[in-house]
Amino acid sequence: MPELPDVESFKRYLDATSLHKKIKNVHVGNAKVLRGISGRRLKEALRGRSMEETSRRGKHLFAALDDGRWLTFHFGMTGRLAYFKSLDDDPEHDRLRLDFDDGYHLAFDNQRLFGRIGLIDDLDAFIASQELGPDAMDFSLDQDAFAKLMDGKQGGIKAALMDQSLLAGIGNIYADEILFQAKLHPDTRVQDLSTDALRKLYRTMRRVLRVAIDRGAGSEELVDRLPKTYLLPHREAGASCPRCKGTIKTIKTAGRTSYYCPRCQPKPRGD
DNA sequence: TTAAGTGTTGCTCT
DNA sequence: AAGAGCAACACTTA
C-alpha cells in the first residue's frame, strides 16, 4: 500500500502526533528493518532526542532530529505508523517503537519485513545514494519538467511511472489508477505519447495523487471516499469497470500485475 | 499461491 | 560497447 499518498498521510500523522516530544526509550521489535545501524546504536542515538520536522521524497519519510540527524522510514509493501498511549494498543507487527516522555508511543508497524529504518547525517546524500528522482508531487515539477523526464524513454509508460529514479512516489496501485484515469494502456510506449498526451498524463497524475491524499490515503476508508469513477475500489480481475461496465483484466507489466479496462484503455497497437 | 515494496542478476536490444 | 529495458528471482508474512 504505502505509495506517495499513503506516505504523505503518515507524514501528517507523525507531524500531528509526535513532533517535539522527548524520546525516553526505544524498543526494537525486529532489527531486520534496520539499515546501516544496529539496534543498540539506534537506541543510543535516539534516546533523549526529539523529532522536530518531517520531510518526504517519494515513498521515503524522513524525520529530523534535534541534533541535525535524520531518521529514515520506508514502508515496503505493508505498513503504517501507529500512535497510542496504552501498550495494549501496540500493533502486532511493531518493528520499532519510540516511547516518549509523556507516556505516548509511536510504532513502525510493518507486517512483512520489507520496511526499512535508518539513521543518516545528510539527507541530500541519502536521496542521491537511493537514486530518487523528483517527488511526483513536487511543486517545481511542472508539465514541462515532466515531459523532459519522459523524453527519450524507450519502455512502457507504466514502467516509467513506477521508476523511482525517474520520478519518486508512484507504485503499482497508483500507476494503475493514473493510467485508468488517463485512458492509457499500461504497455503504451512512452515515445508514442504526443506532447499533448504527456500534458494530459501529467495533469491526471497530479489530480489522482491529490485526490488520494485529500481523501485519506493510507486509511481503510479511502476506498469508500474515492470518486465513483476510480479503479482502485474495483481493482480485481473480473470486476466491472466503473466507467464502461466492461470487465477489468490483468496483465503482467514490468513484473507487476496491472489491472486495467481493455475497453477504456485500448492497446496502442495490435498484438 | 498471491500480494501494494526494492535489489540483484543476467539476458537482449540498440 | 555501454547502457537501457526487462524478466526472473529473492526477501517476508498471512
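Side-chain proximity of A159(A) to dC6(C), dA3(B), dA14(C): nearest is dC6(C). Listed nucleotides dA4(B), dT13(C), dC6(C) differ in distance to R95(A); the shortest reach to its side chain belongs to dT13(C). Nearest nucleotide to the K59(A) side chain, out of dA4(B), dT6(B), dG5(C): dT6(B). With dT6(B), dA4(B), dC6(C) as the choices, the nucleotide that has an atom nearest any side-chain atom of I173(A) turns out to be dA4(B).
Between the C1' atom of dC6(C) and the CZ atom of R189(A) lies a distance of 10 Å, rounded to the nearest Å. Atom CG in N172(A) sits roughly 15 Å away from atom P in dT2(B) (whole-Å rounding). dG5(C) atom P lies 9 Å from atom CG of L166(A), rounded to whole Å. Atom pair E92(A):CD and dT12(C):P shows a separation of 18 Å (rounding to whole Å applied). Nucleotide dG5(C) holds its P atom 11 Å from the CE atom of M150(A), rounded to whole Å. Atom CG in D163(A) sits roughly 10 Å away from atom P in dT6(B) (whole-Å rounding). One interatomic measurement links the two molecules: NZ of K32(A) to P of dA10(C), which rounds to 16 Å at whole-angstrom precision. Look at NZ on K153(A): it is 7 Å from P on dA4(C), rounded to the nearest Å.
Ion pairing between D15(A) and K11(A) holds under the 4.0 Å rule for side-chain N and carboxylate O. Salt bridge annotation for D66(A)-R49(A): present, with a cationic side-chain nitrogen under 4.0 angstrom from a carboxylate oxygen. One finds no salt bridge joining D101(A) and K21(A) here, because no Lys/Arg side-chain nitrogen approaches an Asp/Glu carboxylate oxygen to under 4.0 Å. For K153(A) and D151(A), the salt-bridge test fails: no basic side-chain N is under 4.0 Å from an acidic carboxylate O. One finds a salt bridge joining R56(A) and D135(A) here, because a Lys/Arg side-chain nitrogen approaches an Asp/Glu carboxylate oxygen to under 4.0 Å. With salt bridges taken as basic N to acidic carboxylate O contacts below 4.0 Å, one links R210(A) and D214(A).
Toward the 5' end of DNA chain B, the nearer of the two residues Q154(A) and F75(A), judged by each one's closest nucleotide, is F75(A). Mapping H60(A) and T257(A) onto DNA chain B via the closest heavy atom, the residue that lands nearer the 5' end is T257(A).
Pairing partner, dT12(C): none, since no Watson-Crick or wobble contact has both distances short of 3.5 Å. Pair check for dA4(B) finds none; no Watson-Crick or G-U wobble contact set falls under 3.5 Å.
Looking at heavy-atom distances under 4.0 Å, Q130(A) makes contact with sugar-phosphate atoms alone, never a base.
Ring to ring, F73(A) and F62(A) are not that close: their centroids are 6.0 angstrom or more apart.
Of the possible polar contacts, one joining the Q265(A) side chain to the C261(A) backbone as a donor-acceptor pair under 3.5 Å is found.
In this model, the phosphate group of dA3(B) is approached by a side-chain N or O of K252(A) to a distance below 4.0 Å at OP1 or OP2.
For DNA chain B, the residues of residues 106-125 of chain A within the heavy-atom distance limit of 4.0 Å (strictly under) are R112(A), F114(A), R116(A), sorted by number.
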